[in-house]
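Here is the structure we will look at.
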Amino acid sequence: MPFDPELLKKREELLARNLELYPYSWERSHTLLEVRENEKKLMDKDVRVAGRLLAYRGKGKMIFIDLGDLDGRMQVMLRKNEFDEGIWELIRHGLDLGDWLGISGTVFVTRMGELSVHAKSLEMLAKTVVRVPIPKSKDDQDWNKLADPETLCRERYLHWTTDPAARQKMVQRARIISEIRSFLDGRGFLEVTTPTIEMNYGGAEARPFETAIHALSGHSAFLRISPELPLKRFIVGGFPRVYTICQNFRNEGIDRSHNPEFTMLEWYEAFTDYNFQMDQVEQLVSCVAEKVCGSMKIVYGDKEIDFTPPWKRTTILGSLEEAGIDAGGMDEAALREEYKKRDIEPPRPFSWVHAVAGLFEARIEHTIEQPTFVCDHPVAIYPLTKKKRGDDRLVERFEPIVMGMEIGNAYSELTDPVEQQERFVAQQSLGADKDGGENHPMDTDFLKAMGCGMPPTGGVGVGIDRLVMLLTDSHSIREVIAFPLMRTREAENGGDDGADPAEDTEEQAS
RNA sequence: GCGCCCUUAGCUCAGUUGGCAGAGCAGCUGACUCUUAAUCAGCGGGUCCGGGGUUCGAAUCCCUGAGGGCGCACCA
């Protein structure tokens, strides 16, 4: 049982005294922050405030409590001679840290100089039956602060309840998404919705989550790995500027910058190429940073990141050359030597394109700190991109990289339907060569759509979670995703059946 | 998937060489009408992550399972 027996008992006793513990509503006049911000105007005036009980300092016939709400905290003073006996009894023995309370009273300042509410009445808005680990704090120090990273993620309501900074992170995330919308809406983009469940998946190189549709006799279906192909159908259909903000699902690794389910922004703009979109990305991100963080220069860990345009622009081959690796002038054999010389594990299958991409990831990517566009990637890996003008080995693609993290991906989108078909075929044979044997399905309907005529288009994807990480100084994707994926806890019922399931799976596997 | 580490009261953590399970905060009882990590006096609180083993004796050592953290691999 998740409930605390002592608190359950207390709840029963209070209910038996005809006290309302879970009322239907409560009229609040100000948030705690509003009271603080309007101190002068509200001085000696009546207010009705509500919040969670965060601290209780009893001094016999006079009690001070602290209430907290979304973004504020306020002291409340209660005096015995100003309450009925029954309510005073509730105040003395019925309150626990975590309870939601409604206070009506007068704004004043204590002799110690603290802005407070002198309570005239107190009402219980929600009696807790779980011990909420409210920390004590003074200045910048905290005591007994919930610290177990597992609990913080699994029981996020406790994290939010006990840590204002964790709540603030969610507020910042919402603001960032809101500012992105208003930026794109302001430039004439249409926000559209694309399917989460698809009969065919595509738009990225990733293993999908597979499911089954009962209504279609168990026909297999997939969770979207990218909204790219549906969005391009919008372009074909005559919408020149579209975007979506959606969850993508990739059945792959989980670590500090990867969650199986993550939020993606993608937009497509007809009649533009990747050069145009580079300008647009730096404008979007710098604008959002300024609106949400108050400046284009932000702090991340012990570094300062400057999002002020223009950002540095480089290429895969150019950045390798800067690092003393002339990959552009090397053939496959020379690249193989380079891997040996630098003791880097070579990609498999080994080819010029994979070798170049691999060298960049191993040697360059993590060293990039300030916002940088890395352009012109090897062709074979990116089947949805136009070839680089003047170099058939490359495609017109860029990735904005900040603090070693890819925060996006953009193309001059491939619009020649016949070349698209050829690239899909080439990608399939490439997939068959890999040890995973991962094979992407051919989306012939998408080819038909492109065959109907797709205007020149620049497309951009931005990983919202990673952008939020940067703008909120978060160093794990779990800090900015409200409910990150966690393994379920098993064998909570006890018993000695712990070993059996493992044996079963081993048998099935062999 | 591989390696290393962690799991003790509601929370944060001690726990020596294998020898009665500990502290602070929270909680309970009492005192206190301007406190603010309130203070003071007293009290209660445990599946030491689960299961098995070694031992006269296990939080501690061994095996095994679960969950978590970090690193590696995977992930354009």
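Throughout, a chain's letter reflects where its sequence line sits, starting with A, and its residues are numbered from 1.
- Rounded to a whole Å, the CE atom of A:Met405 is 17 Å from the P atom of B:rA76.
- B:rA14 and B:rG71 are spaced 28 Å apart, taking the C1' atom of each and rounding to whole Å.
- Remark: ring of A:Trp143 not stacked against base of B:rG24; the cut-offs of centroid gap under 5.5 Å and plane tilt under 30° are not jointly satisfied.
- Nucleotide B:rA66 has B:rU7 as its partner under the Watson-Crick or G-U criteria, with both atom distances under 3.5 Å.
- At a threshold of 4.0 angstrom between heavy atoms, the contacts of A:Glu406 with the nucleic acid are absent.
- With distances taken from any side-chain atom of A:Glu252 to the nucleotides B:rU33, B:rA76, B:rC75, the minimum falls on B:rC75.
- In this structure, A:Lys61 places its NZ atom 5 Å from P of B:rU33, rounding to the nearest Å.
- Here B:rU29 sits opposite B:rA41 as a Watson-Crick or G-U wobble pair (both hydrogen-bonding atom distances under 3.5 Å).
- Looking at A:Tyr56, its side chain has no donor and acceptor atom pair within 3.5 Å of the base of B:rA26.
- With a cut-off of 3.5 Å on both pairing distances, B:rA21 has no Watson-Crick or G-U wobble partner at all.
- Nearest nucleotide to the A:His93 side chain, out of B:rG27, B:rG30, B:rU12: B:rG30.
- Residue A:Asp96 places its side chain closer to B:rG27 than to any other of B:rG68, B:rA73, B:rG27.
- Along RNA chain B, the nucleotide closest to A:Lys138 and the one closest to A:Met486 are compared, and the more 5′ of them pairs with A:Lys138.
- A salt bridge links A:Lys341 with A:Glu338; the closest basic N to acidic carboxylate O contact falls under 4.0 Å.
- Rounded to whole Å, the P atom of B:rG67 lies 23 Å from the corresponding atom of B:rC13.
- Using a 4.0 Å cut-off between charged nitrogen and carboxylate oxygen, A:Lys232 and A:Glu228 count as a salt-bridge pair.
- Taking the nucleotide of RNA chain B with the nearest heavy atom to each of A:Ala357 and A:Lys80, the more 5' of the two is matched to A:Lys80.
- For A:Met62, the side-chain atoms get nearest to B:rU33 when compared with the rest of B:rA26, B:rU33, B:rG69.
- Look at A:Asp273 and A:Lys386 and you find no salt bridge, because none of the NZ, NE, NH1 or NH2 atoms lies under 4.0 Å from a carboxylate O.
- Following rounding to the nearest Å, A:Phe3 (CZ) and B:rG27 (P) show an atom-to-atom distance of 20 Å.
- Atom NZ in A:Lys136 sits about 12 Å away from atom C1' in B:rU35, given to the nearest Å.
- A straight line from CD of A:Glu6 to P of B:rA9 spans 16 Å, rounded to a whole angstrom.
- Going from atom CG of A:Leu146 over to atom P of B:rC25 covers 19 Å, rounded to whole Å.
- For B:rG52 and B:rA59, the P atoms lie 14 Å apart once the distance is rounded to whole Å.
- Counting non-hydrogen atoms under 4.0 angstrom, A:Arg73 reaches nothing in the nucleic acid.
- B:rG42 and B:rC6 have their P atoms separated by 38 Å, with the value rounded to a whole Å.
- Side-chain atoms of A:Arg154 never come within 3.5 Å of backbone atoms of A:Met486 as a donor-acceptor pair (strictly under, hydrogens ignored).
- B:rC2 and B:rG71 make up a base pair, with Watson-Crick or G-U wobble contacts both under 3.5 Å.
- When each of B:rG67, B:rG10, B:rA76 is scored by its nearest atom to the side-chain atoms of A:Arg487, the top-ranked nucleotide is B:rG67.
- Evaluated for a salt bridge (charged side-chain N to carboxylate O under 4.0 Å, His left out) with A:Asp376, the options A:Arg393, A:Arg397, A:Arg389, A:Lys388 yield exactly one hit, A:Lys388.
- Between B:rG27 and B:rA66, the distance separating the two C1' atoms is 31 Å to the nearest Å.
- Heavy atoms from other residues, nucleotides or ligands lying under 6.0 Å from CD of A:Glu12 number more than 12.
- Within the 4.0 angstrom heavy-atom criterion, no nucleotide atom of any strand lies near A:Asp66.
- Remark: the A:Lys145 side chain and the A:Thr162 side chain contain no N/O donor-acceptor pair separated by less than 3.5 Å.
- Counting heavy atoms from C-beta outward, A:Gln420 and A:Leu384 have side chains that approach closer than 4.5 Å.
- Within the 4.0 Å cut-off from OP1 or OP2 of B:rG69, at least one side-chain nitrogen or oxygen of A:Arg478 is found.
- If you check B:rC34, B:rG27, B:rC11 against the side chain of A:Lys59, the one that comes closest is B:rC34.
- Among the nucleotides B:rG68, B:rG27, B:rU36, the one closest to any side-chain atom of A:Pro149 is B:rG68.
- A:Gly113 comes within 4.0 angstrom of nothing in the nucleic acid, heavy atoms only.
- Candidate nucleotides B:rU12, B:rU35, B:rC75 were compared by shortest atom distance to the side chain of A:Thr110, and B:rU35 ranks first.
- Remark: A:Arg397 is not in phosphate contact with B:rA76, judged by side-chain N or O atoms under 4.0 Å from OP1 or OP2.
- B:rU36 is unpaired under the criterion used here, namely a Watson-Crick or G-U wobble arrangement in which both key atom distances are under 3.5 Å.
- Listed nucleotides B:rA76, B:rG27, B:rC75 differ in distance to A:Lys10; the shortest reach to its side chain belongs to B:rG27.
- Residue contacts shown for A:Arg111 include a base, since a base heavy atom lies under 4.0 Å away.
- Counting heavy atoms of neighbouring residues, nucleotides and ligands inside a 6.0 Å radius, atom CZ of A:Arg57 exceeds 12 of them.
- Distance noted for atom P between B:rC74 and B:rC61: 35 Å (whole Å).
- Phosphate proximity of B:rC34 to A:Arg57: absent, as no side-chain N or O sits under 4.0 Å from OP1 or OP2.
- Going from the P atom of B:rC56 to that of B:rC70 covers 43 Å, rounded to whole Å.
- In this structure, A:Ile134 places its CD1 atom 17 Å from P of B:rA37, rounding to the nearest Å.
- Residue A:Asp148 has its side chain nearest to B:rU12 when only B:rU12, B:rA76, B:rU35 are considered.
- Side-chain atoms of A:Asn144 come within donor-acceptor range of the base of B:rG24, with a qualifying N/O pair under 3.5 Å.
- Within the nucleic acid shown, A:Ser116 has no heavy atom closer than 4.0 Å to any nucleic acid atom.
- For the pair A:Asp99 CG and B:rG27 C1', the computed distance is 13 Å after rounding to whole Å.
- Taking the charged nitrogens against the carboxylate oxygens, A:Glu419 and A:Arg423 do have a contact shorter than 4.0 Å, which makes a salt bridge.
- Contact of A:Glu150 with B:rU7 (side chain to base): no donor-acceptor pair of N or O atoms is detected under 3.5 Å.
- B:rA9 and B:rC5 are spaced 23 Å apart, taking the P atom of each and rounding to whole Å.
- In this structure, B:rU54 makes no Watson-Crick or G-U wobble pair, since no nucleotide meets both defining distances under 3.5 angstrom.
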